[in-house]
Asker: 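Dropping a structure here in C-alpha cells format, bear with me for questions.
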Number of protein chains: 2
Amino acid sequence: MPGNLTADLTLDCGDCPIRHRAVCARCDSDELQSLDEIKYYRSFEAGQSIVWSGDRMEFVGSVVSGIATLTQTMEDGRTQMVGLLLPSDFVGRPGREAAAYDVVATTDLVMCCFRKKPFEEMMMRTPHIAQRLLEMTLDELDAAREWMLVLGRKTAREKIASLLSIIARRDATLKLSPSNGTMVFDLPLTREAMADYLGLTLETVSRQISSLKRDGVIELAGKRHVTIPDFDRLLEEAGDDNDGGMLA
Amino acid sequence: MPGNLTADLTLDCGDCPIRHRAVCARCDSDELQSLDEIKYYRSFEAGQSIVWSGDRMEFVGSVVSGIATLTQTMEDGRTQMVGLLLPSDFVGRPGREAAAYDVVATTDLVMCCFRKKPFEEMMMRTPHIAQRLLEMTLDELDAAREWMLVLGRKTAREKIASLLSIIARRDATLKLSPSNGTMVFDLPLTREAMADYLGLTLETVSRQISSLKRDGVIELAGKRHVTIPDFDRLLEEAGDDNDGGMLA
DNA sequence: AGATAACTTTGACCCAGATCAATCCCGAGA
DNA sequence: TCTCGGGATTGATCTGGGTCAAAGTTATCT
C-alpha cells in the first residue's frame with residue numbers, strides 16, 4: 001500500500017483506481033476482501049440524476065472521477081446546493097433509508113458503489129470503520145457550518161473567492177500544483193451551479209468573476225480554465241486571511 | 001426507565017435530570033455505571049463563554065437546562081451562528097482536540113459533562129455508542145444543510161418563520177403543547193442572536209417579527225412570549241409547506 | 001420609586017445584488 | 001466553413017434588506 005499524504009484516511013480497494021477516503025487504513029485484508037465482494041461501478045452522464053431526494057438509496061460509495069452535487073429545492077424552484085462531491089468523496093448515509101437531497105452528476109461521473117446492506121453489516125462488525133465514518137461526518141459537518149458563514153455573512157465577491165479557494169485547494173490535493181505557487185485548474189461548475197452553491201444569481205457570479213479577473217486576482221483562459229497567480233491574495237479576497245479550510 | 005417518545009434515542013443517566021440523547025438506550029447498566037463515574041456538572045451564567053474556537057476542549061456532554069449557541073466570527077466582527085443547543089443536545093467532538101466554534105451560554109445553563117478521554121475510551125469499547133453518535137452527527141449534518149437553504153435562498157420573512165417553527169417544534173417536544181393546536185413558548189434568543197442565526201441585521205429581524213404579528217401569524221406578549229395560533233400557517237410562511245424538519 | 005442600561009422598535013435613506021433584457025462567445029455538428 | 005444552441009457576459013433598472021439615527025420598553029439595581 002503506497003503511502004501518500006492522506007494515507008491514514010484512505011484505503012486501496014482492489015483494482016479501484018482511487019483510494020477511498022471513506023474507510024480507514026487499519027483495515028486488514030479480510031475487510032478489504034469483503035469490500036471487494038460487495039462493490040460495483042456505475043457511470044453517469046453529465047447532467048444525469050443519481051438519486052432524487054426521498055428516493056430509496058440502495059448503495060453508498062465513493063466518487064471515482066467527475067463531479068456530483070447535492071442540492072435542495074423549494075416548491076417554487078429556488079435551489080440551494082448543499083454539497084460538492086469530488087473524486088474520493090463519500091456518498092450516502094449508512095443507516096438511512098432515503099436520500100435527503102438530489103444528487104446530480106454535473107460532469108461525466110464514475111462511482112464505486114457498495115451495496116448498502118452489506119456495507120452496513122460490515123460497519124457493525126468493524127468498529128473502527130464506524131469511528132472513521134464518524135470522523136468523516138464530523139468533517140462534513142464542519143464544512144457545512146463553514147459554508148453557513150459564507151452564505152449568511154459574506155459578500156458576493158467574497159463568496160466567489162471562497163468557492164474558488166475551495167476548488168483550488170481541493171484540486172491541488174489531487175493533482176500536485178505547479179511549484180511556483182500559482183495554481184491552475186478547470187472550473188467544474190457552470191455559472192448557474194456556482195450561483196446555486198453560493199446563494200446568488202448567475203449574473204452576479206459572472207460579474208464578480210469578471211471583476212476578480214479585472215483586478216488580477218484570477219486569470220481566465222476560455223470560460224473554465226482558471227489560474228490563481230497568488231493564492232494568499234485569493235484567501236484575502238475570501239475574507240479568510242489564512243485558513244479557509246472548509247470543504248466537504 | 002420510563003418510556004417516552006424519544007426513548008430509543010436516550011438514556012437515563014443516574015440522577016441526571018435529563019435523558020441524554022447522546023447515548024443509546026441499549027446501553028446496559030455497566031455502561032451506565034461507567035458513564036456515571038466520569039460525569040460532572042457545570043453551570044454557566046447567561047452570556048458566559050463556554051469555550052472559544054481553537055481552545056482545547058476537555059469534555060463532551062449534554063445540555064441539561066438553558067440554551068447555548070455555536071458561532072463563528074470573521075476578523076472584522078461579522079458573526080454567524082451555526083448551531084443552537086437546547087436541553088438534551090450533545091456538545092463536543094469525540095476525537096477532536098480543539099473546539100471549532102465559540103460556544104456561548106445565552107441563558108443560564110447547566111451542562112452534564114463527561115471527561116473527554118474516558119468518554120472516548122468508552123466509545124471505543126462500546127461500538128453501538130459510536131454508531132449512535134454517527135447517527136446523531138448525520139442528523140446535525142442534515143440540520144446544517146437545511147439551514148444552508150434558509151441562509152442562501154429564503155427571504156427575511158421566511159427566515160424568521162423558519163426559526164420560529166424550529167423553536168416551536170423543538171419546544172413542543174419537551175413540554176407537551178396545549179392540545180388545541182396553538183403553540184406557546186418563550187423566545188430563548190435576543191433579536192441580535194436571531195439575526196446572527198439568520199444572516200440578517202437585528203433591525204430586519206425586528207421589522208419582520210412586527211410584520212408577522214400584524215398579519216396574525218404570531219402573537220406576542222412582551223418581547224419574548226410567543227403564541228402560534230396556526231402552526232401550518234407558520235410553515236407556509238417559512239416556505240416549507242409541510243415539513244420544515246430541520247433543527248440541530 | 002427612580003435611574004441606569006440593555007434590548008427593541010420604528011423611520012429615513014442607501015446600496016448590493018436581483019431582475020429583465022440584449023448580445024456575445026465558443027464548441028459541436030453538418 | 002457555416003450555423004446552431006447553450007452557456008456567459010454586460011447593461012439598465014428595481015428592490016429587499018442594510019445602515020444610520022432616534023425614540024420607546026423593560027428589567028435590574030439602589
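Letters A, B, ... mirror the listed sequences (proteins, then strands); counts begin at 1. Since this is a predicted model, take the numbers as computed values, not measurements. What you see below is based on every heavy atom in this structure, not just the backbone, and it leaves out hydrogens, waters and symmetry mates.
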Asker: Could you state the atom-to-atom distance from CG of L198(A) to P of dA16(C) in whole Å?
Answerer: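 About 18 Å, once rounded to whole Å.
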Asker: In terms of side-chain heavy atoms of E203(B), which of dA18(C), dT19(D), dG17(D) is nearest?
Answerer: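 The nucleotide sitting nearest to the side chain is dT19(D).
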Asker: Check this one for me: any side-chain N or O of R224(A) less than 4.0 Å away from OP1 or OP2 of dA8(D)?
Answerer: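 Yes, such a contact exists.
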Asker: Distance check needed: dT10(C) P versus L212(B) CG, whole Å only.
Answerer: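 Result: 13 Å.
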Asker: Could you state the atom-to-atom distance from CZ of R191(A) to P of dT19(C) in whole Å?
Answerer: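 To the nearest whole Å, that distance equals 19 Å.
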Asker: What is the distance, to the nearest angstrom, from the CZ atom on R78(B) to the P atom on dG18(D)?
Answerer: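 Atom-to-atom, R78(B) to dG18(D), this comes out as 13 Å.
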Asker: Write down the distance between CD (E192(B)) and P (dG18(D)), rounded to a whole number of angstrom.
Answerer: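 Going from E192(B) (CD) to dG18(D) (P), I get 13 Å.
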Asker: Check whether any side-chain nitrogen or oxygen of S210(B) sits under 4.0 Å from OP1 or OP2 of dT9(C), and answer yes or no.
Answerer: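 For dT9(C), OP1/OP2 do not have a side-chain N/O of S210(B) under 4.0 Å.
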Asker: Strictly below 4.0 Å, N to O, side chains only: are D215(B) and R233(B) in salt-bridge contact?
Answerer: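 Salt bridge absent between D215(B) and R233(B).
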Asker: Grab the two heavy atoms, one from K159(B) and one from L151(B), that are nearest each other, plus how far apart they are.
Answerer: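 Reported closest heavy-atom pair: NZ-O, 3.7 Å.
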Asker: Would you kindly compare V205(A) and L202(B) by the position of their nearest DNA chain C nucleotide and give the one closer to the 5′ end?
Answerer: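 With V205(A) and L202(B) compared, the 5'-side residue is L202(B).
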Asker: Using whole Å, report how far CG of L187(B) lies from P of dT25(D).
Answerer: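 After rounding, the gap between these two atoms is 19 Å.
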Asker: Phosphate oxygens OP1/OP2 of dG18(D): is one of them under 4.0 Å from a side-chain N or O of T201(B)?
Answerer: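 True: T201(B) side-chain N/O within range (under 4.0 Å) of dG18(D) OP1/OP2.
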Asker: Could you tell me the separation between the NZ atom of K154(A) and the P atom of dG17(C), rounded to a whole number of Å?
Answerer: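 Going from NZ in K154(A) over to P in dG17(C) covers 13 Å.
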Asker: Name the closest nucleotide to the K223(B) side chain, picking from dT9(C), dT9(D), dA18(C).
Answerer: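 Between dT9(C), dT9(D), dA18(C), the one nearest the side chain of K223(B) would be dT9(C).
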Asker: Assign each of K213(A) and R153(A) to its nearest nucleotide of DNA chain D by heavy atoms, then name whichever residue's nucleotide is nearer the 5' end.
Answerer: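 Per heavy-atom nearest nucleotide, the more 5' residue is K213(A).
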Asker: Quiz question: going by heavy-atom distance under 3.5 Å, is there a donor-acceptor pair between the base of dT19(C) and the side chain of R207(A)?
Answerer: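 For R207(A), whose side chain was compared with the base of dT19(C), there is a donor-acceptor pair (under 3.5 Å).
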Asker: Report which part of the nucleic acid S206(A) touches: base, sugar-phosphate, or nothing (heavy-atom distance under 4.0 Å, all strands).
Answerer: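 Base: the residue S206(A), judged by heavy atoms under 4.0 Å, touches a nucleobase.
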Asker: Could you give the distance from CD (Q208(A)) to CD1 (I218(A)), rounded to the nearest 0.5 Å?
Answerer: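 Nearest 0.5 Å value for the CD-CD1 distance: 10.5 Å.
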Asker: Return whichever of I209(B) or T204(A) has its heavy-atom-nearest nucleotide of DNA chain C closer to the 5' end.
Answerer: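 With I209(B) and T204(A) compared, the 5'-side residue is I209(B).
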Asker: Taking all non-hydrogen atoms of both residues, which atom of V110(A) and which atom of S43(A) are closest, and how far apart?
Answerer: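 Scanning both residues, the minimum pair turns out to be CG2-OG, 3.9 Å.
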Asker: Expressed as a whole number of angstroms, how long is the span from L200(A):CG to dT19(C):C1'?
Answerer: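 Interatomic distance, CG of L200(A) to C1' of dT19(C): 14 Å.
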Asker: Run through V51(B), V63(B), I50(B) and flag the one making a side chain to side chain contact (heavy atoms under 4.5 Å, CB included) with V91(B).
Answerer: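 Going through the options one by one, the only one that passes is V63(B).
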Asker: Could you check whether G47(A) gets within reach of a base, just the sugar-phosphate, or nothing at all, counting any heavy atom under 4.0 Å?
Answerer: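 Result for G47(A) = nothing.
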